[in-house]
Novice: 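Structure in structure tokens, see below.
No experiment lies behind these values; they were computed from the predicted model shown. Every chain is numbered from 1, with letters handed out A, B, ... down the list of sequences.
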There are 4 protein chains.
Amino acid sequence: MDRKPGSTGDGRKAGRPRNPGTDRIILAAARKLLAEGGLEALRFEVLADMAGVSRPTIYRRWASKPDLVNEIAYGGDDPFPARPIGDLRQAIRFVFEQLRDHYAQPDVSAAAIGAIVMGQKEGAAHPPALAVEAERTAREALRAMIEDGKARGLVRGDADADALFDIAVGAILYRGLFSADSRPRHDDVEPLVDIVMAGLQP
Amino acid sequence: MDRKPGSTGDGRKAGRPRNPGTDRIILAAARKLLAEGGLEALRFEVLADMAGVSRPTIYRRWASKPDLVNEIAYGGDDPFPARPIGDLRQAIRFVFEQLRDHYAQPDVSAAAIGAIVMGQKEGAAHPPALAVEAERTAREALRAMIEDGKARGLVRGDADADALFDIAVGAILYRGLFSADSRPRHDDVEPLVDIVMAGLQP
Amino acid sequence: MDRKPGSTGDGRKAGRPRNPGTDRIILAAARKLLAEGGLEALRFEVLADMAGVSRPTIYRRWASKPDLVNEIAYGGDDPFPARPIGDLRQAIRFVFEQLRDHYAQPDVSAAAIGAIVMGQKEGAAHPPALAVEAERTAREALRAMIEDGKARGLVRGDADADALFDIAVGAILYRGLFSADSRPRHDDVEPLVDIVMAGLQP
Amino acid sequence: MDRKPGSTGDGRKAGRPRNPGTDRIILAAARKLLAEGGLEALRFEVLADMAGVSRPTIYRRWASKPDLVNEIAYGGDDPFPARPIGDLRQAIRFVFEQLRDHYAQPDVSAAAIGAIVMGQKEGAAHPPALAVEAERTAREALRAMIEDGKARGLVRGDADADALFDIAVGAILYRGLFSADSRPRHDDVEPLVDIVMAGLQP
DNA sequence: GCCTAATCGAGACGGTACGTCGAGTCTTGTC
DNA sequence: GACAAGACTCGACGTACCGTCTCGATTAGGC
């Protein structure tokens with residue numbers, strides 16, 4: 001449901017191999033379009049022109065627009081590499097900072113929201129499997145922290161790690177998208193950490 | 001930039017008046033489409049058929065799809081009527097419940113996210129003026145509560161009411177959209193209230 | 001199939017009578033539009049504005065666009081009043097001059113050609129009954145002259161009056177329409193008379 | 001201002017070539033519609049269905065309805081290939097027969113009259129450049145004959161070849177359109193030749 | 001050093017939706 | 001009843017974008 005198989009990365013043999021640099025050029029152009037005009041500005045014709053490439057060359061790499069958008073939103077290297085740190089507050093802040101660093105990129109937030117919209121059509125996987133997969137590491141890290149905190153008596157017993165995670169993602173994503181230019185970006189996660197930490201007190 | 005002027009709501013003018021029922025029928029059909037298939041399922045041709053109406057009749061009322069979607073997301077009666085209640089916790093819960101009640105409607109959340117996506121295109125008002133307007137009451141109610149709480153020493157001095165509000169809306173909206181059928185809906189605002197209340201402690 | 005019955009000209013009794021001047025104002029506006037932009041420029045909305053009248057007021061008088069166009073092309077007083085004159089050549093010239101005087105009006109020629117085009121649609125009377133009716137007088141006058149000429153030995157026996165008539169109308173109409181501005185209008189029927197007279201020689 | 005540039009007829013260019021058969025299928029369907037119902041029956045949606053083609057495919061070949069109609073009226077191979085023949089009368093008959101053969105086709109006459117009507121709208125070329133171009137050969141052939149006849153003393157000095165040509169076209173076209181089914185078609189040009197020949201006598 | 005097979009640019013193509021326009025009808029309130 | 005105003009249906013228009021396809025021309029391997 002994502003990147004099409006091809007010469008790049010496969011053990012292919014016959015035929016002309018794909019130009020590996022083309023992938024990056026297309027992605028860069030797509031990110032620019034998404035960042036500047038959102039999902040509706042991402043036209044494949046425009047994208048092809050920007051990348052100096054033909055439309056079929058794009059479709060050779062991604063089967064459809066949702067696939068490309070999904071890759072921008074959640075593809076590439078693991079966006080949320082786990083890294084447990086001693087202090088609970090620090091650990092939570094670190095998870096939130098990862099979420100913020102990811103979704104604060106305008107292309108990524110536009111792609112993420114676009115993936116949601118395009119994923120609403122009947123029959124599509126919902127929520128997008130890639131999103132679930134991508135967030136899994138961060139979600140589980142947070143869950144582990146909370147459970148550990150509960151075990152050590154540092155966190156109240158009825159704290160809901162999943163709700164907490166969704167609250168953080170929703171808040172970060174929404175602020176990034178909604179308050180585009182009229183209000184300051186939510187660059188500082190500290191208030192969010194404050195609120196959440198307080199909410200975890202036993 | 002929203003509803004086109006017309007008989008409905010105007011002082012009696014010349015000409016055949018618009019059929020006021022038509023507005024409601026179209027809106028009901030549009031809500032159904034949005035709730036079931038999201039923004040991409042909202043086709044004007046299908047909408048016209050469902051409403052037993054011709055396409056031009058829809059365009060006579062809303063200039064474009066964004067206008068219609070905006071009205072569904074934020075139009076109609078004030079979705080967040082202010083009603084201050086004694087206890088701070090109760091008051092905050094009440095605001096959050098209003099937000100939840102609004103965005104928990106699948107048509108409304110689909111329209112709200114659609115408004116964001118369609119509002120990203122160059123030249124469109126972003127964020128949609130209607131959204132800002134509609135949320136103003138609730139936002140100011142929350143702000144007043146926080147200020148009052150600060151004055152009475154019940155709330156820490158650096159609490160950011162706007163950040164709080166966006167966190168709440170983002171969390172509610174995101175959960176409603178993202179966890180459509182795979183996880184339970186975020187029907188209970190109590191955890192959110194818990195977290196926030198704790199975060200307000202001086 | 002033409003003018004709708006109404007107060008004007010009927011023995012009507014009840015209700016407010018139609019404003020008789022309105023008919024002329026509408027017709028004048030329609031002629032102007034036809035003359036300047038042809039059939040496609042004759043929009044009822046524009047027509048109504050020009051005439052200072054509402055669209056239903058037009059439809060109260062003519063059931064449809066073809067009806068209005070037909071009236072302009074062939075309506076009103078008999079456009080080809082018979083008036084036999086002694087000399088055969090003079091008589092023929094007179095008929096042709098009548099045809100020319102009628103079809104040389106740009107509004108009339110546009111209406112006539114428009115009537116043909118709109119009359120081609122399946123199920124419509126073809127050729128338009130009004131055209132046949134209007135031309136009948138002139139056609140029969142020409143026929144009578146030719147027959148008379150034959151009887152007197154002035155015209156060859158196999159002369160076809162109907163073909164002659166169609167040739168004249170077609171030539172006059174086509175020249176008027178086709179050579180709008182690139183070539184001189186066919187204002188002088190003398191060459192046509194010359195040709196035809198010679199063709200009638202026994 | 002006519003046929004859009006495309007693979008057909010060009011020097012081999014890049015890209016998928018147009019299916020050359022598609023052009024013919026569309027034209028055949030358009031001719032059928034024109035012949036049966038005139039200009040108003042030529043709907044692009046119906047045309048697309050008949051040709052088993054999508055609407056954009058038609059617009060890829062002709063920019064608008066007038067362009068398509070013009071091509072049917074005057075496009076394709078030269079409809080009036082000059083071929084001078086000895087006898088003046090034979091030569092003139094030959095030109096008229098060419099005109100008759102062309103305009104006697106119901107699709108062509110419908111298209112020709114349609115081109116006139118659609119060409120009247122403000123800003124359009126009038127008369128259609130294609131018509132002028134297509135008829136040029138025949139017009140000049142007739143003109144050459146007349147001049148030659150004058151030089152040889154066979155034709156009166158003040159004969160107007162252009163008027164003659166327009167008379168012939170107008171007569172042929174008008175009879176074909178006007179007398180669609182109520183009177184016999186003007187299949188025999190002999191009477192027209194008779195008249196014209198006599199009119200040319202010195 | 002050919003041969004094969006996939007890539008690439010270009011652009012046609014079907015499909016589907018968009019937003020607009022004109023014709024003709026209908027429904028108000030006013031005269 | 002006529003009339004102005006304008007809502008309404010129907011059907012067509014021309015455009016836009018998506019994803020597929022078909023060309024000719026490259027461009028690597030594998031033999």
Side-chain angles (χ1 to χ4, degrees), chain A residues 6-8 12-19 22 40 42-46 48 52-67, chain B residues 6-8 12-20 22 40 42-48 52-65, chain C residues 6-8 12-19 22 40 42-48 52-66, chain D residues 6-8 12-20 22 40 42-48 52-65:
Chain A
S7 315
T8 314
R12 303 287 309 104
K13 7 192 120 158
R16 174 178 174 178
R18 284 192 199 147
N19 185 338
T22 301
E40 309 217 328
L42 185 65
R43 319 282 189 205
F44 271 48
E45 173 116 37
V46 176
V53 141
S54 68
R55 255 168 336 124
T57 293
I58 305 177
Y59 283 105
R60 216 168 276 124
R61 288 165 168 74
W62 297 273
S64 69
K65 189 161 163 167
D67 288 304
Chain B
S7 319
T8 314
R12 189 88 251 100
K13 286 288 174 51
R16 173 176 175 178
R18 285 198 195 142
N19 186 337
T22 300
E40 309 217 329
L42 186 64
R43 322 278 189 203
F44 270 47
E45 175 110 38
V46 175
L47 180 55
V53 143
S54 68
R55 224 145 14 106
T57 292
I58 305 178
Y59 283 107
R60 209 169 284 120
R61 288 167 166 73
W62 298 274
S64 66
K65 192 191 281 213
Chain C
S7 316
T8 314
R12 303 289 308 104
K13 7 192 123 159
R16 174 175 171 181
R18 284 195 198 146
N19 185 336
T22 301
E40 309 218 329
L42 184 65
R43 320 277 189 208
F44 271 48
E45 173 116 36
V46 176
L47 179 56
V53 142
S54 68
R55 259 169 333 125
T57 293
I58 305 177
Y59 282 105
R60 215 167 279 123
R61 288 165 169 76
W62 297 274
S64 68
K65 188 163 164 167
Chain D
S7 319
T8 313
R12 191 85 251 101
K13 286 287 173 52
R16 173 176 175 178
R18 285 197 194 142
N19 186 336
T22 301
E40 310 218 327
L42 186 65
R43 321 279 189 203
F44 271 46
E45 174 110 38
V46 175
L47 179 56
V53 142
S54 67
R55 226 151 4 113
T57 292
I58 304 177
Y59 283 106
R60 212 168 281 123
R61 286 167 168 73
W62 298 275
S64 65
K65 192 189 282 213

Novice: I need the CZ-C1' distance between D:Arg18 and E:dG14, as an integer number of Å.
Specialist: 16 Å
Novice: Does E:dC13 have its OP1 or OP2 closer than 4.0 Å to a side-chain nitrogen or oxygen of D:Arg61?
Specialist: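 Affirmative; the distance criterion is met.
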Novice: Give the minimum heavy-atom separation between D:Ser54 and D:Ala48, together with the two atoms involved.
Specialist: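 Heavy atoms only, the tightest pair is C-CB, 4.0 Å.
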Novice: Is A:Thr57 touching bases, backbone alone, or none of the nucleic acid, heavy atoms closer than 4.0 Å?
Specialist: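 If one applies the 4.0 Å heavy-atom cut-off, A:Thr57 turns out to touch the sugar-phosphate alone, with no base involved.
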Novice: Please report the interatomic distance CG(B:Leu47) to OG1(B:Thr57), rounded to the nearest 0.5 Å.
Specialist: 11.0 Å
Novice: Whole angstroms only, please: what is the CD-P distance between B:Glu40 and F:dC18?
Specialist: 11 Å
Novice: Between A:Ser54 and D:Thr22, which residue's closest nucleotide on DNA chain E lies nearer the 5′ terminus?
Specialist: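 On the 5' side of the pair lies A:Ser54.
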Novice: Just verifying a value: how many Å separate B:Ile58 CD1 and B:Lys65 NZ, rounded to the nearest 0.5 Å?
Specialist: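 The distance works out to 10.5 Å.
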Novice: Are the side chain of A:Arg61 and the backbone N or O of A:Thr22 linked by a donor-acceptor pair below 3.5 Å?
Specialist: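 It does not hold such a pair.
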Novice: The criterion is side-chain contact (heavy atoms from CB on, under 4.5 Å); which residues satisfy it with B:Tyr59, sequence neighbours excluded?
Specialist: B:Phe44, B:Arg55
Novice: With the sugar-phosphate defined as primed atoms, P, OP1 and OP2, and the base as all remaining atoms, what B/S/- string results for nucleotides 18-23 of chain E, 5' to 3', for protein heavy atoms under 4.0 Å?
Specialist: SBBBSS
Novice: Without decimals, in angstroms, what is the distance between B:Ile58 CD1 and E:dA17 P?
Specialist: 14 Å
Novice: For DNA chain F, what string of dots and brackets results from 5' to 3' when Watson-Crick and G-U pairs need both distances under 3.5 Å, crossing pairs get [ ], and pairs with another strand get |?
Specialist: |||||||||||||||||||||||||||||||
Novice: I'd like to know if A:Arg60 reaches the base of E:dT7 with its side chain, counting only an N/O donor and acceptor under 3.5 Å.
Specialist: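 For A:Arg60, whose side chain was compared with the base of E:dT7, there is no donor-acceptor pair (under 3.5 Å).
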Novice: Go through the N and O atoms of the side chain of A:Arg16 and the base of E:dT7, and report whether any donor-acceptor pair is under 3.5 Å.
Specialist: yes
Novice: Check side-chain contact (heavy atoms from CB on, under 4.5 Å) between B:Arg43 and all other residues, then give those that pass, not counting sequence neighbours.
Specialist: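 B:Arg43 satisfies side-chain contact (heavy atoms from CB on, under 4.5 Å) with B:Val46 only.
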